[in-house]
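Quick notes on the structure that follows.
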Amino acid sequence: MTGAQGHTDRDMTDGLDRLWTPHRMTYISGEDRPEGGYDKPSGCPFCLAPHRSPEESLVVARGGHVFVVLNLYPYNPGHLLVCPYRHVADYTDLDGPETAELASFTQTAMRVIRKVSNAHGFNLGMNQGGVAGAGIAAHLHQHVVPRWGGDANFMPVIGRTKVLPQLLVDTRDLLVRAWPD
Ligand SMILES: [Zn+2]
């Protein structure tokens with residue numbers, strides 16, 4: 001794996017502390033930041049992800065207007081992002097079909113995560129603009145973050161330790177198998 005999506009072994013010891021503090025996420029200032037930044041589609045991880053191989057992309061599901069990808073820097077295991085294919089920044093930039101599919105895929109993501117993990121709750125949401133904490137502000141993404149009581153979770157090994165690439169791939173495979181056709 002290479003580029004902005006290539007570093008999957010970040011230290012996750014502060015994983016729970018990072019909930020909803022994405023400005024602390026390492027890739028914003030990380031050495032793998034593309035030269036032109038994330039603003040242009042050519043350097044945007046969410047524009048590149050659908051074109052990567054299934055093993056590399058961590059894409060869980062593809063719709064006609066949006067796709068679902070595992071967050072490389074999860075706050076919790078199973079943390080998904082629902083993204084439009086189009087490189088648009090603002091929620092008001094979405095057209096009707098994109099808005100509808102983003103909503104329905106968010107619902108499906110919740111159902112799938114519940115099915116495989118018995119999540120107790122969720123944080124859903126979008127950070128709009130860098131000032132609001134968006135790590136990659138140029139490309140809209142809806143967070144779907146499963147929560148457990150005390151955040152003891154279905155893959156506790158991921159929760160407070162290093163996120164190994166293989167664990168992310170395993171998590172992706174688990175979600176792909178549970179995703180409805
Ligand atoms: Zn993009």
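By convention here, the first residue in the shown sequence is residue 1. In listed order, ligands and their atoms are each counted from 1. Note that the structure is predicted; figures quoted are calculated from it, not measured.
- No side-chain heavy atom of Asn71 sits less than 4.5 Å from a side-chain heavy atom of Leu80.
- Between the Tyr85 side chain and the Gly64 main chain, no donor and acceptor come within less than 3.5 Å of each other.
- Side-chain atoms of Gln128 come within 3.5 Å of backbone N or O of Tyr91 as a donor-acceptor pair.
- The distance between the ring centers of His143 and His141 falls below 6.0 angstrom.
- Between the side chain of Glu101 and the backbone N or O of His65 there is at least one donor-acceptor pair closer than 3.5 Å.
- A distance-only check finds a donor-acceptor pair linking the side chain of Arg62 to the backbone of Pro50 [under 3.5 Å].
- Within a radius of less than 2.8 Å around the Zn ion (ligand 1), the protein N, O or S atoms are Cys44 SG, Cys47 SG, His87 ND1, His139 ND1.
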